[in-house]
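Below: one structure, written as structure tokens.
Predicted model, so just to flag it, every value in this text is computed and none were measured. Chain naming here is simple, since letters A, B, ... match the order of the sequence lines and numbering starts at 1 in each.
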Protein chains: 2
Amino acid sequence: MSKAKLLFDLIMYVNTKRSFTAQDVADEFGVSIRTAHRYLADIDEMGVPLYTEPGRGGGYRVLNNRTLPPIVFDEHEAFAIFFAFQSLRNYPSLPFNININSVSRKLYASLPADSRHKADRLGSVLAFWHPAKTVPSPYLSLIIEAAAEQRVLQIEYVSKNENTRREVEPAGVYAYGGFWYMPALDRASGETRLFRTDRIAALEGTSETFVRQLRLDDWLQRLAASEPKDPVRLYAELNREGVRQCRSQPWLEPYLVMTGPEHGHVDVEIDRSELPFASDFFFRLGTSAKVIEPREAIEYIRREARERLRHYS
Amino acid sequence: MSKAKLLFDLIMYVNTKRSFTAQDVADEFGVSIRTAHRYLADIDEMGVPLYTEPGRGGGYRVLNNRTLPPIVFDEHEAFAIFFAFQSLRNYPSLPFNININSVSRKLYASLPADSRHKADRLGSVLAFWHPAKTVPSPYLSLIIEAAAEQRVLQIEYVSKNENTRREVEPAGVYAYGGFWYMPALDRASGETRLFRTDRIAALEGTSETFVRQLRLDDWLQRLAASEPKDPVRLYAELNREGVRQCRSQPWLEPYLVMTGPEHGHVDVEIDRSELPFASDFFFRLGTSAKVIEPREAIEYIRREARERLRHYS
DNA sequence: TTTAAACATGACAACTATTGGCATGGTTTA
DNA sequence: TAAACCATGCCAATAGTTGTCATGTTTAAA
């Protein structure tokens, strides 16, 4: 085994240990103590933050920021990382103070000149945009930690009519459309609810733990493809602009039928609980669409329109 | 200099060359030809994809997938990369077939056991969600390439009233709210316009190049903070729900004034061109807000409401 | 206070790896 | 056919690594 390989193995070894002596290393790698000391001096020089304590009960230990053994990437992989970082660049608030720059610098330094230009150009023509929210989400890190360790949270939440105080079991957090959301189990009602983290007015962690009943994956899965439990038929006729708008709606696009170059309709079964949302969508569409079914949606639209006329009379 | 360091330098060296001979390497590193051959065999074994051609005019060259010299990360940096990848995981369509998994696997393998658990837990409680769009954006890669190389594009675009054919100078692409957008200069009108890439019905690259007048950064900057050229005063009173909704609007939030625990108002100067958007926003708010100024917005809301009543009479 | 257990470092001989030179042989192009 | 490449084996000279011993220092427990 080459020396380089041996040192990398040693790095792995010391990373798995809280504390160890030169004798431990000597035994593990079948070398003399003197050589063990030499090896440890080598990896220390390579940047592994070793801390030593002389005297009885002393030994070596690795400081918090553990160094990983060197990793070989190819150009495509380096681009994948740049690319992924690009997606975080414009995020208004991120959970941790993750240091993107140190990684970027290291990768960039290892790229040949022409690839650097390629990376520069990629960075200047590709972005992931998120509205620069002025309301930050200061509790993100706390929520993530609590969710990871399955600890109950006490929150004060700003909802439609009042501020409520709740005990919740967080499943995790996810970013969507510039906001951070926290699906969680409300302990009082026993129901799963979605909270927007910027609407959390106060948060306190407890030491109480819970058994995870709601997984973030499952929640997102359900978001992506939920099957209606109490189905309602929704039928609407669309003109050109209506077609265009419906195409932008993931929940409608699959059910869009074109009946001419400029006309179409949607015919879809949705869950009754989604009716307010759907009605509001078609209310916003105005004359670009005409809802034929269900009656409730039509009534909703009429009611909303009348209400506004009265409000601005 | 240790041999390992020398080999890494050699990897850098060969990555900068299209083609080279053993003699070149021998000269560059001050070693004999025999040793140059040995070094090249070494880095070949390390995974650098070397290709050799014997005979006069032959030599070594590196195949497409260039291998980068080994990079040392610490634990925080590895987490930053995992974290960034998490943000791409749920993206409906991505420009390149970037191979996130190979990077993840390498990083994961180099982590000590306890950090792996930490990474697992982080992954299961943190996500970046995007609606699973069923309309893909097949032209993303082409647009990015054209933007990077400043080549003119011919597109067929599905707009409100008709399909139009345009020649555009793309500034780049960005993802926002689950869609991909392309700010570009429309050559016919000479004006900058924003296109949604999923609404591009057809696309053709040309060999004609252009001088970049519109940079993606600038465009996004303008998105974030645009100053009105033709200012209109917007004043609206808000109840609790109205306050809550306006807080979610980056363009309104800074101008929100609370006049009581449950009431507030916004008083802001916006550009006249934004009036339709703003009017529509307050139209949607319904009775949660009452626009006092400008008259145009009030008229817009009344008109829209009346139109809907007529449409669904 | 003493002793054991740890790190730190130097010297040197034994051992191992690397190197350069030389030789031989193959492939391609002018 | 010769020149300009790569490929590989051999071997002595050189350079690097290792183990043993020796000598310090620091710390905690006996």
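Separating the CG atom of Leu7(B) from the C1' atom of dA17(C) is a distance of 13 Å, rounded to the nearest angstrom. Atom-to-atom, CG of Asp27(B) to P of dC5(D) comes out at 11 Å; the value is rounded to the nearest Å. Going from atom CG of Leu6(B) over to atom C1' of dA17(C) covers 15 Å, rounded to whole Å. Per the geometry, CG belonging to Leu40(B) stands 12 Å off P belonging to dT19(C), to the nearest Å. Atom-to-atom, CG of Asp42(A) to P of dC7(C) comes out at 16 Å; the value is rounded to the nearest Å. Leu50(B) has its CG atom 14 Å from the C1' atom of dA7(D), to the nearest Å. The nearest whole Å value for the distance from the CD1 atom in Ile33(B) to the P atom in dA3(D) is 16 Å.
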Using a 4.0 Å cut-off on protein heavy atoms (strictly under), produce a 5'-to-3' string for nucleotides 9-16 of chain C with B for base contact, S for backbone-only sugar-phosphate contact, and - for none. BB------
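With sequence neighbours excluded, the residues satisfying salt bridge (Lys or Arg N to Asp or Glu O under 4.0 Å) with Glu149(A) are Arg151(A). The ring pair (Phe, Tyr, Trp, His ring centres under 6.0 Å) search around Tyr157(A) returns Phe195(A), not counting sequence neighbours. Applying the ring pair (Phe, Tyr, Trp, His ring centres under 6.0 Å) rule to Phe20(B) yields the partners Tyr60(B); only residues at least two apart in sequence or on another chain are considered. Taking the ring pair (Phe, Tyr, Trp, His ring centres under 6.0 Å) definition, one finds that Tyr139(B) meets it with nothing, sequence neighbours left out. Residues satisfying the salt bridge (Lys or Arg N to Asp or Glu O under 4.0 Å) criterion with Arg187(B), sequence neighbours excluded, are Glu167(B), Glu169(B), Glu208(B). With sequence neighbours left out, the ring pair (Phe, Tyr, Trp, His ring centres under 6.0 Å) criterion links Phe8(B) to no other residue. Take Ser32(A) and apply the side-chain hydrogen bond (donor to acceptor under 3.5 Å, both in side chains) test, not counting sequence neighbours, and it matches Thr35(A).
Here the side chain of Thr197(B) pairs a donor or acceptor atom with the backbone of Trp180(B) at under 3.5 angstrom.
Of all the residues in residues 53-63 of chain A, Pro54(A), Gly55(A), Arg56(A) reach under 4.0 Å from DNA chain D with at least one non-hydrogen atom. Contacts with DNA chain C (heavy atom under 4.0 Å) in residues 12-24 of chain A: Thr21(A), Ala22(A), listed by number.
Screening residues 34-52 of chain B for salt bridge (charged side-chain N to carboxylate O under 4.0 Å, His left out) gives Lys3(B)-Asp42(B) as the qualifying pairs, with residues at least two apart or on separate chains. Applying the salt bridge (charged side-chain N to carboxylate O under 4.0 Å, His left out) test to pairs two or more places apart or on separate chains, those with a residue in residues 50-72 of chain A are Arg66(A)-Glu75(B), Arg66(A)-Asp114(B).
Side chain to side chain, Tyr108(B) and Asn101(B) fail the donor-acceptor criterion of an N or O pair below 3.5 Å.
Under 4.0 angstrom from either OP1 or OP2 of dT17(D) there lies no side-chain N or O belonging to Thr35(A). The phosphate of dG16(D) has neither OP1 nor OP2 within less than 4.0 Å of any side-chain N or O from Lys3(A).
Tyr39(B) comes within contact range of the sugar-phosphate backbone alone, with a heavy-atom separation under 4.0 Å but no base atom that close.
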